[in-house]
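None of the values given here were measured: they were computed from a predicted structure. Atoms within each ligand, like the ligands themselves, are counted from 1 in listed order.
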Amino acid sequence: MKIVSVIDEIRECVRSARRDGKRLGLVPTMGALHAGHGALIENAVRECGFVVVSIFVNPTQFGPNEDFSRYPRTFEQDTAYCQRLGVDAIFAPSADQMYPRCQQTWVEVEKLTDGLCGATRPGHFRGVTTVCAKLFNIVMPDIAYFGQKDAQQAIVIRRMVDDLNFPLTIRVCPIVREPDGLAMSSRNRYLSPDERRQAVCLYQALESCRQMFDQGCRHANELIELMCGLIERAGGQIEYVSIVDMETLEPVEIIDRRVLVALAVFIGSTRLIDNCLLDLRPPEKCV
Ligand code: PAF
């Protein structure tokens, strides 16, 4: 496995894989890898002849009061994990490689980024789409892999790829959960043991919502009320609990189509997100 930090070098690795006729997979990450990333990498290794994992804690997607400086950096464990999973190259650029001068060009997806996480994290998605556009231009993958846990991110990136005609497929893989249901996240390691126990309330709220939906409830406000009650009783501080259209991310009142149920909740000072899809059809795997 190659570990590369320079753009020209990863381009050379990728060119040589292409010359060998290999399909190229990219798994963009900010490191602190866990089994959720592992599942993305496993899918990439299964589908592609050459897999690049990028590890870059992207400064432009963090707000001034967010956790950029304390975001977990576990490079040695990450490289060992990638090696075990059969990754071909890690691309771990410095901030100077990715942003050598003051960035004047940004990629911004409108509307889809107004609500949910976009409402409280101004500039976040602009940072995400800009860095993903850069990574796509650097690595030129055939397939890029993202997790359903960051549902809005996946929808926004897909839209960017469609709108700007990037020649690649976006694969979105299911959420990987701890045995008690907590969605895997690099930020889970901020939780104290008590908070870790509390944090399962996000999953429990989503499960209760799904049960009530399965029993026939189609009123979004009733489902939201149920989830808010459960989360607040467990001590979570709600940032949002929303039920939105899967395509537009606009809130829905009556669930008569495929919807995304999305939560952002503070457990102590740690902001966690989670989501599920409600559909009249059975759930899909990788899409
Ligand atoms: O989901 C993440 O880890 C990041 O937002 C991403 C897609 C790697 C861009 O920095």
Open item on the list: If the cut-off is 4.0 Å to any non-hydrogen atom of Phe146, which atoms of ligand 1 fall inside it?
Closed with: 7 (C)
Task: Val131: numbered ligand 1 atoms lying under 4.0 Å from its heavy atoms - done: 9 (C), 10 (O)
- [ ] Establish, yes or no, whether the cationic atom of Lys2 lies under 6.0 Å from the six-membered ring centre of Phe91 and within 45° of the ring axis.
- [x] no
Task: Backbone of Arg23 reached by a side-chain donor or acceptor of Asp142 within 3.5 Å - done: no
Task: atom 5 (O) of ligand 1 [closest protein heavy-atom partner, distance rounded to 0.1 Å] - done: Gln153 OE1, 2.7 Å
Open item on the list: Run the salt bridge (charged side-chain N to carboxylate O under 4.0 Å, His left out) test on Glu47 and Arg171 for me, step by step, so that the C-alpha distance in whole Å, both residues' side-chain angles and the decisive distance to 0.1 Å come before the verdict.
Closed with: CA-CA 11 Å; Glu47 287 191 303; Arg171 196 78 85 227; 2.8 Å; yes
Open item on the list: Could you check whether Thr60 and Asn58, counting side-chain N and O atoms only, form a donor-acceptor pair closer than 3.5 Å?
Closed with: yes
Task: Mode of Ile157 contact toward ligand 1 - side chain, backbone, both, neither (heavy atoms, under 4.0 Å) - done: neither
Open item on the list: Can you name the atoms of ligand 1, numbered from 1 with element, that are less than 4.0 Å from a heavy atom of Thr29?
Closed with: 8 (C)
Open item on the list: Applying a strict under-4.5 Å side-chain criterion to I, L, V, M, F, W and Y, I'd like to know whether Leu278 and Ile224 cluster together.
Closed with: yes
Task: Atom indices of ligand 1, in the order listed, that fall short of 4.0 Å to a heavy atom of Gln61 - done: 4 (C), 5 (O), 9 (C), 10 (O)
- [ ] Can you pull out the closest protein heavy atom to atom 3 (O) of ligand 1? Residue, atom name and distance to 0.1 Å, please.
- [x] Met30 CG, 3.6 Å
Open item on the list: Distance alone, cut at 3.5 Å: any donor-acceptor contact between the side chains of Gln211 and Asp214?
Closed with: no
